[in-house]
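Following: one structure in structure tokens, then a few remarks.
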Amino acid sequence: MFSNDCIEYSIKLIKNVFVGEPLCDIPPSLTINELYQYAKFHKIEVIIYSALKKLNIQNAEKDLELFNNAFYQNIAISIRQDYYYNMVANAFRENGVFFVPMKGSVIKHLYPDSNMRALSDIDIFIGKDNAKAAHDIMVSLGFKTLEYDSEVLIHDTYTVGGVHFELHKELMPHIPYFKGVEVSEQLENDVVQKNGEYSFTNEAFYTFMIIHIAKHVKHNGIGLRGFIDVWIYLNKYKNSLDWDKINNYINESHLEVFHAFVLNLIDYWFEGKDDVSDDIRQFATLISENGAIGDAISMISEEKYKDCKNNNKFRYYINTVFLPFPYMVDKYKILKRFPVLLPFCWAHRIINVLLNKRTKINTLQTHFDNADMNLGKKVSELKQKIGL
């Protein structure tokens, strides 16, 4: 999808922004538009732009227009997000609602400029016991409820002014194939209080980052940004972290192999370590090609390879329609009281799809037909190697 020159030069630009690596001119084989598309694919436009602005680029105002537009759009979003975050945080404090900021809303403050770290939404951990009180406050502040009291989702979702909040009742869903379930409650309780504010301990925050990256790598994509987060977090806290505690969390989550791959990939990309295995290079390619949200063809090819090795299209549809029980409960609340009705709910879902969702069926068929079994086999085998 993107050339090696594009990927390698983008890494150099990232290192310039964070550790001051000297810049060199854009290689003749690259265009600024290709760099922009790669940066957009990984949601790192502002980082790349911050480095490119230092170069002596002729017609910079015109050539960097897309980057410049992304820069100011990100600033506008950040201003709105900061405004509403402070509004919510103040309301929670005033009403005695426990909350802990998490994920990007914390890590962005470790960037040279917090505007470099775009947030898709604002994540806050509140715990199960505070969900109702938090919901009432969000409604009173004028937020629109997108999801509340879900049987499947571990967070309630709200929006206002184009800003989305996810209020997490749990850190990880209690579904067997999710890594990190084993330590979810431990991490939720691993918080410290300072000046009346709660935060996760550095060890809990770091562990959750690794678990979160594992989830996204396994099920869709996370892009370079997730690994940049880990890199700058380690640059800040590595020597002060309790690694015995972290390794215990990681081992209980069965992520010790994956964690080692993450650290080796960071060394390869950002610390200049070239003597890495072919598996690390393949891992780097997987992350780079899947971008921030994942590549649909890659994901569906992997699913087709694992579930339909005999090219069984019918089985592919069955796996898509007959969702696991927890997901069916979220769509059919009656199953919470009467689980024996599951077969009837499946039947209703099939009829509904056939009558009202022909477009979705056609999309599924197109995805299946375009899926590449060889690609699916390659991705599946690599994920096994990296511990997923």
Side-chain angles (χ1 to χ4, degrees), residues 43 46 72-111 113-174 180 184-209 211-212 215 225 229 233 236 330 333:
K43 296 186 177 180
V46 179
Y72 283 107
Q73 288 172 6
N74 200 65
I75 288 178
I77 293 170
S78 294
I79 290 172
R80 292 202 305 273
Q81 288 177 333
D82 288 345
Y83 172 79
Y84 285 112
Y85 173 81
N86 289 328
M87 175 191 291
V88 170
N90 288 333
F92 284 177
R93 292 188 195 101
E94 291 170 3
N95 290 274
V97 174
F98 167 84
F99 72 98
V100 185
M102 56 188 291
K103 295 166 63 172
S105 59
V106 175
I107 202 76
K108 74 173 190 174
H109 296 293
L110 298 183
Y111 278 59
D113 182 337
S114 63
N115 291 314
M116 291 181 180
R117 177 54 163 88
L119 304 181
S120 301
D121 42 47
I122 297 173
D123 295 274
I124 300 174
F125 176 71
I126 56 171
K128 293 179 181 178
D129 295 340
N130 295 295
K132 177 63 169 62
H135 173 72
D136 293 342
I137 291 171
M138 298 298 282
V139 172
S140 72
L141 293 175
F143 282 79
K144 178 181 178 181
T145 304
L146 299 181
E147 186 69 55
Y148 174 62
D149 198 26
S150 166
E151 295 294 334
V152 173
L153 297 180
I154 59 173
H155 53 72
D156 298 328
T157 311
Y158 305 88
T159 186
V160 68
V163 177
H164 296 269
F165 277 73
E166 291 185 356
L167 303 186
H168 292 250
K169 298 168 288 188
E170 299 174 275
L171 289 182
M172 271 78 73
H174 289 266
S184 181
E185 291 187 13
Q186 294 179 58
L187 296 180
E188 290 167 10
N189 292 310
D190 197 358
V191 299
V192 293
Q193 185 180 18
K194 185 177 180 180
N195 299 325
E197 300 290 313
Y198 288 95
S199 63
F200 289 110
T201 65
N202 291 341
E203 291 77 16
F205 190 92
Y206 176 82
T207 302
F208 181 73
M209 276 201 299
I211 293 171
H212 186 67
K215 182 190 78 170
R225 192 177 66 181
D229 286 351
Y233 199 83
K236 175 74 173 179
D330 198 48
K333 302 296 184 185

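To the nearest 0.5 angstrom, L141 atom CG is 6.0 Å from M87 atom CE. Between H109 atom NE2 and I107 atom CD1 the span is 10.5 Å, to the nearest 0.5 Å. Rounding to the nearest 0.5 angstrom, the gap separating the CD1 atom in I75 from the CE atom in M116 is 10.5 Å. With values rounded to the nearest 0.5 angstrom, H212 atom NE2 is found 7.0 Å from D123 atom CG. Rounding to the nearest 0.5 Å gives a distance of 9.5 Å between OG of S199 and CD of Q193. A distance of 9.0 Å separates NZ in K169 from CD1 in I154, rounded to the nearest 0.5 Å.
Between F165 and V88 the shortest side-chain heavy-atom distance falls below 4.5 Å. At least one side-chain heavy atom of K108 sits under 4.5 Å from a side-chain heavy atom of D82. Within the 4.5 Å cutoff, the side chain of Y83 has no heavy atoms near those of the V163 side chain. Side-chain contact check for F92 versus N130: every heavy-atom pair is 4.5 Å or farther apart.
The two residues H168 and F125 come nearest to each other via the heavy atoms O-CD1, 3.3 Å. Smallest separation of non-hydrogen atoms from A134 and L167: CB-CD1, 4.0 Å. Between Y198 and F99 the shortest heavy-atom distance is CB-O, 3.7 Å. Taking both residues in full, the closest heavy atoms of D156 and A131 are given as OD2-CB, 4.0 Å, listed atom of the first, atom of the second, then distance.
Applying the 6.0 Å contact sphere to CG of D129 captures no more than 12 heavy atoms from other residues, nucleotides or ligands.
Distance alone, capped at 3.5 Å, is enough to place a donor-acceptor pair between the E188 side chain and the L171 backbone. Listed for the N74 side chain is a donor-acceptor partner under 3.5 Å among the backbone atoms of N115. With hydrogens and angles disregarded, no donor-acceptor distance shorter than 3.5 Å links the side chain of R117 to the backbone of L110. At least one donor-acceptor pair under 3.5 Å links the side chain of N189 to the backbone N or O of E185. With N95 contributing its side chain and V97 its backbone, the two residues share no donor-acceptor pair below 3.5 Å. For the pair R80 (side chain) and G161 (backbone), a donor-acceptor distance under 3.5 Å is present. Looking at Q81, its side chain does come within 3.5 Å of a backbone N or O of L119 through a donor-acceptor pair.
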Practice item. Please step through side chain to side chain contact (heavy atoms under 4.5 Å, CB included) for the pair H164 and Y84, ending with a clear verdict. Key: CA-CA 9 Å; H164 296 269; Y84 285 112; over 6 Å; no
Check your understanding: side chain to side chain contact (heavy atoms under 4.5 Å, CB included) between D190 and T207: does it pass, once the steps are laid out?
Key -> CA-CA 11 Å; D190 197 358; T207 302; over 6 Å; no
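A salt bridge is absent between K103 and D229: the closest approach of a Lys/Arg side-chain nitrogen to an acidic carboxylate oxygen does not fall below 4.0 angstrom.
A parallel orientation is assigned to the rings of Y233 and F205, their planes being inclined by less than 30° (bins at 30° and 60°).
Taking the six-membered ring for Trp and the full ring otherwise, the centers of H135 and Y158 sit less than 6.0 Å from each other. F208 and F200 have their aromatic ring centers separated by at least 6.0 angstrom.
With sequence neighbours left out, the side chain to side chain donor-acceptor pair (under 3.5 Å) criterion links Q73 to no other residue. Residues satisfying the side chain to side chain donor-acceptor pair (under 3.5 Å) test with R93, not counting sequence neighbours, are N90, E197.
Side-chain contact, K43 with S120: a donor N or O sits under 3.5 Å from an acceptor N or O.
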